Amino acid sequence: QVRLVESGGGSVQAGGSQKLSCTASGDTSRVNSMGWFRQAPGKERERVATICTAGRTTNYAGSVKGRFTISQDKNTVYLQMTSLKPEDTAMYFCAADRLCTRMITGTPDYWGQGTRVTVPS
């Protein structure tokens, strides 16, 4: 099993920055891809950014491209968020999987509990 623990959420003013962290523990040999998803109130969960460990390939949702940056250091994945907007308000979930494709399709095996990010309008 893989355990994911997120941190770094909170309330931030529009236009501000916030950095989320997620550390994987347990059988991390199963993890070849990590990423971030988010779910806003009343909306479906959406993929925000993913990274495949082997080639450091990253993928971003169009709504965050150019504002958010995903990076990884060993078993920790980060999401640096800049120019935050009220529509970025959501619960942000860290995810991990052995397969990069499952991150892209939104079906990774492992999920964190989530950390809330609020950007007041």
Side-chain angles (χ1 to χ4, degrees):
Q1 285 292 329
V2 175
R3 182 174 181 235
L4 303 172
V5 178
E6 303 101 331
S7 62
S11 182
V12 59
Q13 289 185 336
S17 299
Q18 191 85 338
K19 188 173 185 178
L20 306 182
S21 301
C22 170
T23 298
S25 61
D27 190 3
T28 55
S29 64
R30 295 172 178 263
V31 175
N32 291 309
S33 180
M34 299 184 76
W36 293 93
F37 293 76
R38 68 185 181 186
Q39 187 166 19
K43 294 188 177 181
E44 292 187 355
R45 186 178 62 202
E46 64 171 341
R47 176 174 50 84
V48 176
T50 63
I51 184 167
C52 288
T53 302
R56 292 287 191 243
T57 304
T58 58
N59 189 285
Y60 295 92
S63 58
V64 306
K65 195 171 291 185
R67 300 189 298 123
F68 290 12
T69 302
I70 189 170
S71 61
Q72 184 176 2
D73 181 14
K74 295 181 181 178
N75 294 325
T76 298
V77 66
Y78 304 95
L79 186 68
Q80 176 68 57
M81 306 182 291
T82 63
S83 302
L84 282 161
K85 305 175 182 179
E87 50 263 44
D88 294 318
T89 295
M91 184 72 83
Y92 283 72
F93 297 92
C94 176
D97 199 278
R98 180 175 58 87
L99 300 176
C100 294
T101 51
R102 287 192 189 143
M103 298 299 292
I104 299 298
T105 58
T107 56
D109 280 345
Y110 307 107
W111 293 90
Q113 293 298 308
T115 185
R116 187 173 301 279
V117 174
T118 302
V119 186
S121 57

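Scope of the values below: all heavy atoms of this structure, side chains included, with no hydrogens, waters or symmetry mates. What you see is a predicted model, and the numbers here were worked out from it, not measured in a lab. Residue numbers count from 1 along this sequence.
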Legend entry - Contacts of type side chain to side chain donor-acceptor pair (under 3.5 Å), residue S29, not counting sequence neighbours: D27
Legend entry - With sequence neighbours excluded, residues passing side chain to side chain contact (heavy atoms under 4.5 Å, CB included) with S33: C52, C100, M103
Legend entry - ring pair (Phe, Tyr, Trp, His ring centres under 6.0 Å) contacts touching residues 9-34 (sequence neighbours left out): none
Legend entry - For the student: nearest non-hydrogen atoms of Q18 and V12, plus distance: OE1-CB, 4.2 Å
Inset, instruction - Could you pull out all residues at least two apart from S83 that satisfy side chain to side chain donor-acceptor pair (under 3.5 Å)? - result: none
Legend entry - Interatomic spacing from CZ in R3 to OG1 in T28 - rounded to 0.5 Å: 14.0 Å
Inset, instruction - Only pairs at least two apart or in different chains count here, so list each ring pair (Phe, Tyr, Trp, His ring centres under 6.0 Å) that has a residue in residues 57-77. - result: none
Legend entry - Which residues share a side chain to side chain donor-acceptor pair (under 3.5 Å) with T76, sequence neighbours left out: T23
Legend entry - Heavy-atom pair of closest approach, residues G114 and F93: CA-CD2, 3.6 Å
Inset, instruction - List, by chain and then residue number, the residues other than L99 in its hydrophobic cluster (Ile/Leu/Val/Met/Phe/Trp/Tyr, side-chain heavy atoms under 4.5 Å); write none if there are no others. - result: none
Legend entry - Any pair counted as side chain to side chain donor-acceptor pair (under 3.5 Å), so long as it reaches residues 108-118, sequence neighbours left out: R102-D109
Inset, instruction - Using the test side chain to side chain contact (heavy atoms under 4.5 Å, CB included), find all partners of T82 that sit at least two apart in sequence or belong to another chain. - result: S17, R67, Q80
Inset, instruction - Using a 4.5 Å cut-off on heavy atoms from C-beta on, say whether the side chain of L20 contacts that of E6. - result: no
Inset, instruction - For T69, check side chain to side chain donor-acceptor pair (under 3.5 Å) against everything at least two apart and list the hits. - result: none
Let me have the donor-acceptor pairs involving side chains of residues 37-46, under 3.5 Å, with sequence neighbours excluded, atom names and distances please.
| residue | atom | partner | partner atom | Å |
| --- | --- | --- | --- | --- |
| R38 | NE | E46 | OE2 | 2.6 |
| R38 | NH1 | D88 | OD1 | 2.9 |
| R38 | NH1 | Y92 | OH | 2.9 |
| R38 | NH2 | E46 | OE2 | 3.1 |
| R38 | NH2 | S63 | OG | 3.4 |
| Q39 | NE2 | K43 | O | 3.0 |

Inset, instruction - Verify the cluster assignment for Y78 and I51: are they in a single hydrophobic cluster under the rule of side-chain heavy atoms below 4.5 Å apart? - result: no
Legend entry - For the student: nearest non-hydrogen atoms of Q1 and R30, plus distance: N-NE, 4.2 Å
Inset, instruction - Kindly compute the distance separating CD1 (I70) from OG1 (T57), expressed to the nearest 0.5 Å. - result: 11.5 Å
Legend entry - Of all pairs that satisfy disulfide (SG to SG under 2.5 Å), the ones with a partner from residues 18-49, not counting sequence neighbours: C22-C94
Inset, instruction - Give the minimum heavy-atom separation between P120 and A14, together with the two atoms involved. - result: O-CB, 4.2 Å
